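Take a look at the structure set out below.
In the text below, chain A, chain B and the rest are named by the order of the sequence lines, each starting its count at 1. Keep in mind it's a predicted model, so treat the numbers as computed, not measured. Hydrogens, waters and symmetry mates play no part in the numbers below; they use all other heavy atoms, side chains included.
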Protein chains: 2
Amino acid sequence: MTSARASIGNTRNPETHAAILDAAEALLAEHGYAGVSMEAVARRAGAGKPTLYRWWPSKAALLMEVYERQKSLALAELEPGACAQDDLTEFVTSMIRFWRETPAGQAFRSIVAEAQAEPAALRLLRDEMLARGRANAAAIIHRAAETGEIAPHPDAEAMMDMIFGAAWYRLLTHRLRGTAEEMPRIVAAAFAAARPGGPLALPG
Amino acid sequence: MTSARASIGNTRNPETHAAILDAAEALLAEHGYAGVSMEAVARRAGAGKPTLYRWWPSKAALLMEVYERQKSLALAELEPGACAQDDLTEFVTSMIRFWRETPAGQAFRSIVAEAQAEPAALRLLRDEMLARGRANAAAIIHRAAETGEIAPHPDAEAMMDMIFGAAWYRLLTHRLRGTAEEMPRIVAAAFAAARPGGPLALPG
DNA sequence: GGCTATCTATACGGTCCGTTCCGTAGCGTC
DNA sequence: GACGCTACGGAACGGACCGTATAGATAGCC
């Protein structure tokens, strides 16, 4: 774990980089959010605190990189299929399985918690992490509107708030079990409400 | 603020009680979650830390009492009306206005954050605070099912996850503006989906 | 060969944690 | 009126963590 790792010269040491992310991930998995301190990560990684602060300005930034690394390992890009509703269902259920089956769920919970204390973490969360997912989901919804699967002007914001909201709500209250099975009905509810004449079909 | 407050004998001093809650509330409003420490609350309240720990075993418990006190001041009990959907809409929008217009929103954000670090806080949040609101909402939904407003066996869990989830999601990402106006559509979407033949109408 | 950037290690002053002990004070009881 | 009980505030404790500063060793880059 520690194994005498030092500077390799003028360039960033990828082993140090990986060791720090590994340590953060392990602490997260073993002791949860409360177990992750910059101090503890440094200790476990056999790294110096200044090295952590050099590369990650805050705990939130570190947690976010842990999350993104997991994501790049575990989550494949989704191909658009015939039915937008199925695409969004797949998008959301695979996110939930990802939360359940990897340390990412714990990381995400921690980032949300951190965002309630640190305005910078909130901006990072909302404007960096979430923006991409929301853009993907919005694209799927707008595709559905174009093909006539739902009304031409759906309330995409409300649809996403319902769907992602339900997922967050269950993650943050530690009720993720069964959520992947529940989400298809919730996505279906959002789509049903967005059909012409439904409460999420906007005029104009 | 501090004014020489001491023991009043064998009994709990209500002034001390109030001063501590006031201090916590003020710190929450002024500096957010990060500004609330047991130490700072005690300092500001002119109280001793042992007094805090005597009455509140954790920061989460203290925050929760701040929340409940605000709630008892600001929120009236709702009378059941003719239409269950309107009742639930009113229930949820008044909760959101309460979050926006009082320090309670900040308190609630803090409790959720705390629950990601402390398992005890999570239990308190889920099994004490949320259980009541969910029971109220479930009662409204089941009333709707009995009157035929929706199908006889609605997926009440999914409906509540959608509705409360959307509210949480927007609170925790600091997007509460406009949420009270959005919620009627979301509640309507849940109810629409729970009508016979809809995706949230369960068989049996 | 000199410059530069990285890395570990250590130490610093600071805040907060949760607890302990102390002296003071008033309620309720005998 | 004396006494026990409990509440209160103050001070201090050891410990953890914060974020930063300094120093010295290493090795790539020009």
Below 30° counts as parallel, above 60° as perpendicular, anything between as tilted: where do the rings of A/Trp168 and B/Tyr169 land?
perpendicular
If you look only at pairs with a residue in residues 92-102 of chain A, which of them pass as a side-chain hydrogen bond (donor to acceptor under 3.5 Å, both in side chains), with sequence neighbours excluded?
A/Tyr67-A/Trp99
Take the protein atom CZ of A/Arg44 and the nucleotide atom C1' of D/dC17, then report the distance between them rounded to whole Å.
18 Å
Taken to the nearest whole Å, CD/B/Glu15 to C1'/C/dA25 is 14 Å
Which letter, B, S or -, goes with each nucleotide of nucleotides 22-30 of chain D from 5' to 3', with contact meaning a protein heavy atom under 4.0 Å?
----BBBS-
With a sphere of 6.0 Å drawn around NE2 of B/His17, does it hold more than 12 non-hydrogen atoms of other residues, nucleotides or ligands?
yes
Lys/Arg-Asp/Glu bridge criterion (N-O < 4.0 Å) met for A/Asp161, A/Arg134:
yes
Contacting residues from residues 52-61 of chain B, given that a heavy atom lies under 4.0 angstrom of DNA chain C:
B/Tyr53
Which part of the nucleic acid, if any, lies within contact of B/Ala42, taking any heavy atom under 4.0 Å across all strands shown: a base, the sugar-phosphate backbone alone, or nothing?
nothing
Any salt bridge linking B/Glu30 with B/Arg44? Criterion: basic side-chain nitrogen under 4.0 Å from a carboxylate oxygen.
yes
For B/Glu157, is there an ion pair with A/Arg170 - N to carboxylate O distance below 4.0 angstrom?
no
If we ignore hydrogens and angles and just use 3.5 Å, is the side chain of A/Gln116 paired with the main-chain N or O of B/Leu172 as donor and acceptor?
yes
Spacing between B/Arg43 atom CZ and D/dG9 atom P, to the nearest angstrom
15 Å
Any A/Arg12 side-chain nitrogen or oxygen under 4.0 Å from OP1 or OP2 of C/dA5
no
What distance separates A/Thr51 OG1 from A/Asn13 CG, expressed to the nearest 0.5 Å?
9.5 Å
Stretch residues 21-39 of chain B: residues that reach within less than 4.0 Å of DNA chain C through a heavy atom:
B/Ser37, B/Met38, B/Glu39
Ignoring backbone atoms, establish whether B/Thr16 has a side-chain N or O less than 4.0 Å from OP1 or OP2 of D/dG9.
yes
Could you pull out all donor-acceptor pairs under 3.5 Å where a side-chain atom in residues 70-77 of chain B meets a protein atom, sequence neighbours excluded?
| residue | atom | partner | partner atom | Å |
| --- | --- | --- | --- | --- |
| B/Gln70 | NE2 | B/Glu25 | OE1 | 3.2 |
| B/Gln70 | NE2 | B/Glu25 | OE2 | 2.9 |
| B/Ser72 | OG | B/Arg69 | O | 2.8 |

With a 3.5 Å cut-off and heavy atoms only, can you find an N or O donor on one side and an acceptor on the other between the side chain of B/Lys49 and the base of D/dG10?
no
Working note: B/Tyr33 + A/Glu118, criterion side chain to side chain donor-acceptor pair (under 3.5 Å); need CA distance, chi angles, decisive distance, verdict.
CA-CA 9 Å; B/Tyr33 178 40; A/Glu118 291 292 327; over 6 Å; no
Only counting residues at least two apart or in another chain, list the ones meeting side-chain contact (heavy atoms from CB on, under 4.5 Å) with A/Pro119.
A/Arg123
I want to check one thing: is the phosphate of C/dT8, taken as OP1 and OP2, less than 4.0 Å away from some side-chain N or O of A/Thr51?
yes
